[in-house]
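To start, the structure under review is shown below, and the notes come after it.
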Amino acid sequence: MPLRLFNTLTGQIDTLVPQPGLAPGPALRMYACGPTVYDYGHIGNFRTFLQIDVLRRTLLLLGIPVRHVMNITDVDDKIIHNAQAAGISIGQYTAPFERAFLEDLDALRVQHPEQLARATEHIDRMVQLVQQLAQVGAAYQTEDGSWYFRLASFPAYGQLSKKDFAGMEDGARVDVDEYEKDSARDFALWKAAKPGETSWDTPIGRGRPGWHIECSAMSMEYLGDTFDLHAGGEDLIFPHHENEIAQSESVTHKPLARHWMHVRFLLVDGRKMSKSEGNFYTLRDLLLKGYKASAIRLALISVPYRHQHNFTFDGLVEATAAIERLRTFHQRLTQATLAPGSNPDLQAAAAQAHQTYIDALSNDLNTAEARAPIFDLVRAANTALDRANTDPARLLADDRAPILAVLAAFDAVFDVLTDTDADATRRALAWARETSRLDDVAPSVLALDAFTDQAIDALVAERTQAKRQRNFARADQIRNQLAENGVLIEDSKDGVRWKRK
RNA sequence: GGCGCGGUACCCAAGUGGUAAGGGAGAGGUCUGCAAAACCUUUAUGCGCCGGUUCGAUCCCGGCCCGCGCCUCCA
């Protein structure tokens with residue numbers, strides 16, 4: 001089944017399929033704008049990366065292989081400034097943030113792209129692109145040695161953002177540092193080195209790349225002149241992606257990407273997230289407050305990517321409950337002792353749920369709609385599991401696999417059934433210890449270290465033994481002790497389950 | 001000012017020209033040593049307001065009100 005996805009370039013929903021023949025290999029070639037590693041990632045960043053993960057995983061689920069490239073922008077004004085202030089090299093400055101970013105992706109179970117591309121490792125390719133642009137008259141050098149893109153040379157400018165620059169006023173001086181530009185909107189391709197700043201000595205002069213050039217250079221390097229999909233946050237439509245198009249297409253005279261996907265911004269408590277509003281959260285902030293990585297993942301992907309998502313703590317609590325329902329069911333179904341045979345109603349329900357699920361995702365990644373049939377199936381199966389052994393409507397042995405297969409398809413995209421939350425939170429806790437950020441850590445997070453999985457298993461076993469001996473006082477004592485440390489016990493006819501709250 | 005998006009039950013949130021998915025929360029019940037889980041019942045004659053088109057509109061059109069985003073660094 002093909003994926004129908006809104007395309008910013010055409011302004012409509014288009015079918016996204018790999019176009020063969022443009023580059024080697026059968027995969028769908030996608031480039032997603034990654035982070036500028038000057039700080040820890042916040043939940044707004046991660047909404048975008050999570051939604052791109054939903055796209056990637058949906059493509060894979062639909063049987064479309066992907067070649068996914070993401071840039072790491074490890075040189076820009078802010079990085080240079082901050083590194084200088086700290087008295088270290090930009091590499092020393094960015095390395096911990098890049099590592100933290102990749103760790104955060106892991107915590108959120110975001111799949112890594114096939115290729116990570118660091119800006120500082122592709123300076124040559126960027127210089128080459130500037131030279132090519134100069135050759136076709138689309139780039140010019142100013143007296144200070146900087147290079148700019150000549151917008152007047154690219155009439156199609158504005159096609160992505162639907163902006164009309166025809167009546168644009170030339171000559172307006174907007175930036176005092178860039179007084180030599182031919183036109184106010186001309187943007188920097190290469191910035192001449194200022195004293196003491198990080199710079200590279202190159203054939204086009206000593207300096208450093210402008211903001212947009214790295215994505216043009218690296219996307220074409222790894223994916224060819226034209227690739228299938230370019231994705232990023234909605235803020236990148238203009239000017240970043242518009243500028244990428246101008247830079248690349250001026251040289252290649254071919255479309256840079258056929259399909260453009262943009263993820264809408266997140267609001268927090270109804271406002272755009274910003275440090276000054278006091279509603280700014282990094283992933284690490286939330287983990288240390290005791291919210292689970294899986295709940296953050298589910299919350300951030302459950303509102304479809306084109307909708308404005310209002311992020312709230314209530315939403316995280318709700319996502320936590322939803323995940324528990326799914327995990328409890330998954331465990332129950334896996335462990336259940338079942339009589340042989342199959343129940344046609346459940347077989348049909350599983351097939352129906354699977355189809356509805358796939359249809360929803362295929363429809364512009366409608367994650368909200370995709371969740372519904374999964375929960376419908378969970379209820380139907382739970383009901384059947386509750387029925388007596390003699391009831392013909394009960395769940396039978398051959399019903400297990402098809403229902404688990406639907407859950408697997410769900411998890412192929414949503415990926416919340418496997419509980420790796422404690423690990424993610426422990427890593428955040430270790431980081432907080434190393435960097436002396438223990439002030440706001442929730443007690444439940446600190447308790448993670450006191451009760452390891454092994455310790456819990458041992459106590460649960462002891463309690464089961466006590467129950468067998470009908471020593472309910474001791475059994476309840478253990479249950480309370482665990483509960484006080486955020487561990488819940490559930491008895492069932494198929495054994496004892498426990499989970500961290 | 002220009003461009004764009006949204007207003008659906010207590011909360012979050014899909015959706016369709018034919019009579020409102022799903023999740024969370026609340027209430028009552030079943031089950032259970034107790035609890036948890038699970039299941040059942042229950043919470044929108046209603047989808048911002050006013051007109052229009054239609055046999056019929058929450059969904060289409062027009063107007064209005066409210067909220068939000070982008071247009072500058074930003075995912």
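Within every chain, numbering begins at 1; the chains are lettered A, B, ... in the order of the sequence lines, protein sequences first and strands thereafter. For clarity, every value in this text was computed on a predicted model and none was experimentally measured.
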Once you round to the nearest 0.5 Å, how far does [atom1] of [X] lie from [atom2] of [Y]?
X      : Y      : atom1 : atom2 : answer
A/D285 : A/Y291 : CG    : OH    : 12.0 Å
A/L377 : A/H354 : CG    : NE2   : 11.5 Å
A/T48  : A/I43  : OG1   : CD1   : 11.5 Å

Problem set entry | Nearest to side-chain heavy atoms of A/E318, which nucleotide of B/rC11, B/rA25, B/rA21 | B/rC11
[atom1] spacing across the pair [N] / [M], given as an integer number of angstrom:
N      : M      : atom1 : answer
B/rC10 : B/rG26 : C1'   : 8 Å
B/rA37 : B/rC31 : C1'   : 11 Å
B/rA14 : B/rU58 : C1'   : 13 Å
B/rG69 : B/rU54 : C1'   : 35 Å
B/rA21 : B/rU16 : P     : 13 Å
B/rC47 : B/rC59 : P     : 9 Å
B/rA13 : B/rA20 : C1'   : 13 Å
B/rC64 : B/rG46 : P     : 27 Å

For this session: For A/S302 and for A/A372, locate the closest nucleotide of RNA chain B by heavy-atom distance; then report the residue assigned to the nucleotide nearer the 5' terminus.
Result: A/S302
For this session: Tell me which of A/N366 and A/T312 sits closer to the 5' end of RNA chain B, going by the nucleotide each one is nearest to.
Result: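 This one resolves to A/T312.
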Exercise. Does A/L151 reach the side chain of A/S183, with side-chain heavy atoms less than 4.5 Å apart?
Worked result: no
Exercise. Hey, are the side chains of A/D235 and A/F265 touching, using non-hydrogen atoms and a 4.5 Å cut-off?
Worked result: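 A side-chain contact exists here, since the closest heavy-atom pair is under 4.5 Å.
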Send over the distance from [X] [atom1] to [N] [atom2], rounded to a whole Å.
X      : N      : atom1 : atom2 : result
A/I489 : B/rA36 : CD1   : P     : 14 Å
A/R470 : B/rU32 : CZ    : P     : 13 Å
A/K499 : B/rA36 : NZ    : P     : 11 Å
A/L300 : B/rG23 : CG    : P     : 20 Å
A/N310 : B/rA13 : CG    : C1'   : 12 Å
A/E242 : B/rC3  : CD    : C1'   : 14 Å
A/I301 : B/rG23 : CD1   : P     : 17 Å
A/D269 : B/rG67 : CG    : P     : 17 Å

Exercise. Which letter, B, S or -, goes with each nucleotide of nucleotides 68-75 of chain B from 5' to 3', with contact meaning a protein heavy atom under 4.0 Å?
Worked result: SSSSSSBB
Distance alone, cut at 3.5 Å: any donor-acceptor contact between the side chains of [X] and [Y]?
X      : Y      : answer
A/R118 : A/T94  : no
A/S492 : A/D494 : no
A/Y38  : A/N82  : no

Contact class for [X] (heavy atom, under 4.0 Å): base, sugar-phosphate, or nothing?
X      : value
A/D476 : base
A/R463 : base
A/D491 : base
A/R306 : nothing

Indicate the ring-plane relationship of [X] and [Y], choosing parallel, tilted or perpendicular according to the 30° and 60° boundaries.
X      : Y      : value
A/F97  : A/Y40  : perpendicular
A/H230 : A/F227 : tilted
A/F154 : A/Y157 : perpendicular
A/F187 : A/F149 : parallel

Exercise. Phosphate oxygens OP1/OP2 of B/rC39: is one of them under 4.0 Å from a side-chain N or O of A/R325?
Worked result: yes
Problem set entry | Neighbours of RNA chain B within residues 377-388 of chain A, by heavy-atom distance under 4.0 Å | A/R379, A/N382, A/T383, A/D386
Problem set entry | Check: A/H122 ring centroid to A/Y222 ring centroid under 6.0 Å |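 For A/H122 and A/Y222, the ring centres are under 6.0 Å apart.
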Seminar exercise, completed: A correct dot-bracket answer for RNA chain B, with pairs being Watson-Crick or G-U at under 3.5 Å, [ ] for crossing pairs and | for inter-strand pairs, is (((((((..(((.....[...)))((((((.......))))))....(((((..]....))))))))))))....
